[in-house]
Protein chains: 2
Amino acid sequence: MARIAGSSGPRTEEAIRRAGLRLIATHGYAAMSLRQLAAEVGIQQGSLYNYFRNKQEFLFDLIRGHMLDLHAALDAALLAEGSADARLTRFTEFHVAYHVERPQEVFICYSELRSLEPDNLAAVVAMRRDYERKLGDILDHGRATGEFRLADTRMATLAILAMLSGICTWYKPGGRLSTDGLQEIFTGMVLALARGGATETVAVRPRRREALRAGIG
Amino acid sequence: MARIAGSSGPRTEEAIRRAGLRLIATHGYAAMSLRQLAAEVGIQQGSLYNYFRNKQEFLFDLIRGHMLDLHAALDAALLAEGSADARLTRFTEFHVAYHVERPQEVFICYSELRSLEPDNLAAVVAMRRDYERKLGDILDHGRATGEFRLADTRMATLAILAMLSGICTWYKPGGRLSTDGLQEIFTGMVLALARGGATETVAVRPRRREALRAGIG
DNA sequence: GTCTATAGCTAGATAGAC
DNA sequence: GTCTATCTAGCTATAGAC
């Protein structure tokens with residue numbers, strides 16, 4: 001907040017990054033003014049242009065940088081071998097931990113895709129597809145080995161990612177559950193979802209799916 | 001798009017509502033200008049103020065109206081009696097159908113909470129809690145009867161809602177799956193998640209949850 | 001209810017001194 | 001690298017004629 005006297009490149013750059021993450025996560029990219037951002041950092045608005053060419057480039061740098069980090073960290077965490085069960089467990093634990101550690105970046109990566117210009121959006125979407133594919137591969141493998149019983153692995157991929165990514169919309173440090181606790185609970189739910197089955201033994205599943213639409217419009 | 005000559009209150013009102021939904025869902029509330037909105041409707045920007053007092057009130061009306069519809073439709077769809085299994089199935093089918101029918105409203109209700117002023121936000125959050133509680137009650141009931149095996153029903157509530165609500169981020173009419181197909185697939189996944197268990201019989205679950213954090217920072 | 005016109009303000013971006 | 005000053009454009013909201 002306080003003004004930093006003199007020239008201090010790298011420190012200012014990092015301060016801008018952090019303030020930008022916070023402001024965009026809180027108010028959204030379009031609602032964040034560069035004057036706000038500069039004030040948060042403790043510099044004048046014009047000085048920001050020593051760190052990016054325009055506001056859009058700033059957003060893209062934030063998102064792209066995060067996606068690169070995410071991919072690198074995932075690759076380091078994933079198991080090359082092992083049962084689909086073990087691999088899905090590892091994926092889930094990684095994903096949960098990452099969302100708990102960096103909720104702002106993750107949230108922005110989902111919520112501000114709409115604010116990216118077409119070329120920038122295309123680049124990010126491609127990276128996101130790669131990430132989805134890594135989960136999709138695990139699910140496909142599990143279905144092939146019979147470990148998982150999934151009606152549709154593509155839908156399961158989207159469902160699991162949405163379920164896990166939802167964490168960053170409500171997680172606050174210091175809450176009821178620790179990272180370990182969250183990992184355990186979410187791993188349990190994801191595995192149960194993937195293993196599916198066990199259904200027939202419990203009850204006859206009601207299959208009537210009548211026209212709920214009628215109650216909606 | 002085309003200019004509608006003369007006075008036409010109710011038609012204009014509905015046109016504004018629809019255009020607003022589309023623009024906010026696509027570009028976001030802060031990024032949508034009232035000039036854009038007026039152009040989409042085919043009137044002049046100043047004329048919008050015959051339909052709301054200011055931009056914030058417009059957003060709040062959209063979100064609040066949708067939440068009221070959602071609650072009414074849910075109450076009509078839910079089962080008062082029956083097994084937790086049947087009730088959860090019904091809830092899921094309803095939720096999926098609603099999201100497929102009105103993806104824009106639903107998306108805005110999640111993504112534009114940040115754009116609501118404090119009082120308006122509080123009102124919407126309260127309505128959202130009611131909705132969550134209806135799902136939470138089903139899960140609690142299922143756990144009490146032994147139908148469901150959930151480590152944490154609050155987390156399960158959030159997980160299921162995130163999973164289902166994610167639909168509105170990728171669903172497009174005319175896609176691979178029909179509403180019925182989506183209902184069946186998601187009902188299967190939600191029930192599997194809620195029933196949990198069946199785990200011990202499949203494989204020894206790897207419990208190591210080592211410091212993945214190290215690979216993140 | 002719609003129009004035209006405009007007030008009053010804030011936005012992103014640039015220029016040039018230090 | 002930071003500052004001050006400013007340009008141009010866009011925004012929300014209002015006033016008053018029809």
Side-chain angles (χ1 to χ4, degrees), chain A residues 1-24 26-63 108 112 114-120, chain B residues 1-20 22-24 26-63 112 114-120:
Chain A
M1 231 49 128
R3 166 83 174 70
I4 299 164
S7 299
S8 55
R11 266 195 309 180
T12 305
E13 182 165 21
E14 178 59 14
I16 292 171
R17 214 188 73 88
R18 296 173 81 90
L21 282 176
R22 199 187 72 77
L23 288 173
I24 296 174
T26 308
H27 306 295
Y29 168 79
M32 174 196 73
S33 77
L34 295 183
R35 283 177 173 82
Q36 257 187 304
L37 176 59
E40 188 102 345
V41 174
I43 60 176
Q44 292 301 311
Q45 182 246 343
S47 302
L48 290 172
Y49 286 83
N50 287 311
Y51 297 92
F52 47 71
R53 283 188 308 153
N54 52 53
K55 194 184 177 191
Q56 169 73 199
E57 187 187 270
F58 178 57
L59 176 64
F60 182 55
D61 284 350
L62 280 183
I63 292 182
I108 289 173
E112 294 299 349
R114 63 164 67 161
S115 304
L116 290 173
E117 290 169 2
D119 285 357
N120 294 339
Chain B
M1 224 56 123
R3 165 85 172 73
I4 300 163
S7 301
S8 54
R11 265 195 310 180
T12 304
E13 181 165 22
E14 178 59 14
I16 293 172
R17 213 187 73 90
R18 298 173 80 90
R22 199 186 72 78
L23 288 173
I24 296 175
T26 307
H27 306 294
Y29 168 77
M32 174 196 74
S33 76
L34 296 182
R35 282 180 173 82
Q36 262 184 301
L37 178 59
E40 188 101 344
V41 175
I43 59 175
Q44 292 302 308
Q45 183 247 344
S47 301
L48 290 172
Y49 286 83
N50 287 312
Y51 297 93
F52 47 72
R53 282 187 310 151
N54 51 52
K55 195 185 174 188
Q56 169 73 199
E57 187 186 272
F58 177 56
L59 175 65
F60 182 55
D61 283 350
L62 281 183
I63 293 182
E112 295 299 349
R114 63 164 67 158
S115 304
L116 289 172
E117 289 168 3
D119 285 357
N120 294 340

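Chain naming here is simple, since letters A, B, ... match the order of the sequence lines and numbering starts at 1 in each.
- In terms of the ring pair (Phe, Tyr, Trp, His ring centres under 6.0 Å) criterion, residue partners of A/F58 (sequence neighbours excluded) are, by chain and number, A/F52.
- Phosphate proximity of C/dT2 to B/Y51: present, with a side-chain N or O under 4.0 Å from OP1 or OP2.
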Item to check | Derivation and outcome, side-chain hydrogen bond (donor to acceptor under 3.5 Å, both in side chains), residues A/S47 and A/Q44 | outcome: CA-CA 6 Å; A/S47 302; A/Q44 292 301 311; over 6 Å; no

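- Between A/T12 and D/dG1 there is no side-chain N or O to OP1 or OP2 distance below 4.0 Å.
- A donor-acceptor contact shorter than 3.5 Å links the side chain of B/Q56 to the backbone of B/S115.
- Between B/R53 atom CZ and D/dA13 atom C1' the separation is 13 Å, expressed in whole Å.
- One axis for each end of the helix from C/dG1-D/dC18 to C/dC18-D/dG1, each built from five base pairs, and the angle between them comes to 0° at 10° resolution.
- The backbone N or O of A/L23 lies less than 3.5 Å from no partner atom in the side chain of A/Y29, so there is not a single donor-acceptor pair.
- One finds the OG1 atom of A/T26 at 9.5 Å from the CD atom of A/Q36 (value rounded to the nearest 0.5 Å).
- One interatomic measurement links the two molecules: CD1 of A/I43 to C1' of D/dG1, which rounds to 9 Å at whole-angstrom precision.
- Between the CZ atom of A/R11 and the P atom of D/dG1 there is a distance of 13 Å, rounded to whole Å.
- Counting only distance, with no hydrogens or angles, the side chain of A/K55 and the backbone of A/S33 share no donor-acceptor pair below 3.5 Å.
- Rounded to a whole Å, the CG atom of A/L48 is 13 Å from the P atom of C/dA11.
- One finds a salt bridge joining A/R114 and B/E112 here, because a Lys/Arg side-chain nitrogen approaches an Asp/Glu carboxylate oxygen to under 4.0 Å.
- If you measure from atom CG of B/L23 to atom P of D/dT12, you get 12 Å, rounded to the nearest angstrom.
- One finds the CZ atom of A/R11 at 12.5 Å from the CD1 atom of A/I16 (value rounded to the nearest 0.5 Å).
- Taking the charged nitrogens against the carboxylate oxygens, A/E40 and A/R18 have no contact shorter than 4.0 Å, which rules out a salt bridge.
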Checklist entry - If the sugar-phosphate is the primed atoms plus P, OP1 and OP2 and the base is the rest, what is the B/S/- string for nucleotides 4-11 of chain D, using protein heavy atoms under 4.0 Å? => result B------B

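- C/dT2 atom P lies 10 Å from atom CD of B/E13, rounded to whole Å.
- Rounded to an integer number of Å, the gap from B/N50 CG to D/dA17 P is 16 Å.
- Put simply, CG on A/L37 is 12 Å from P on C/dA11, counting in whole angstrom units.
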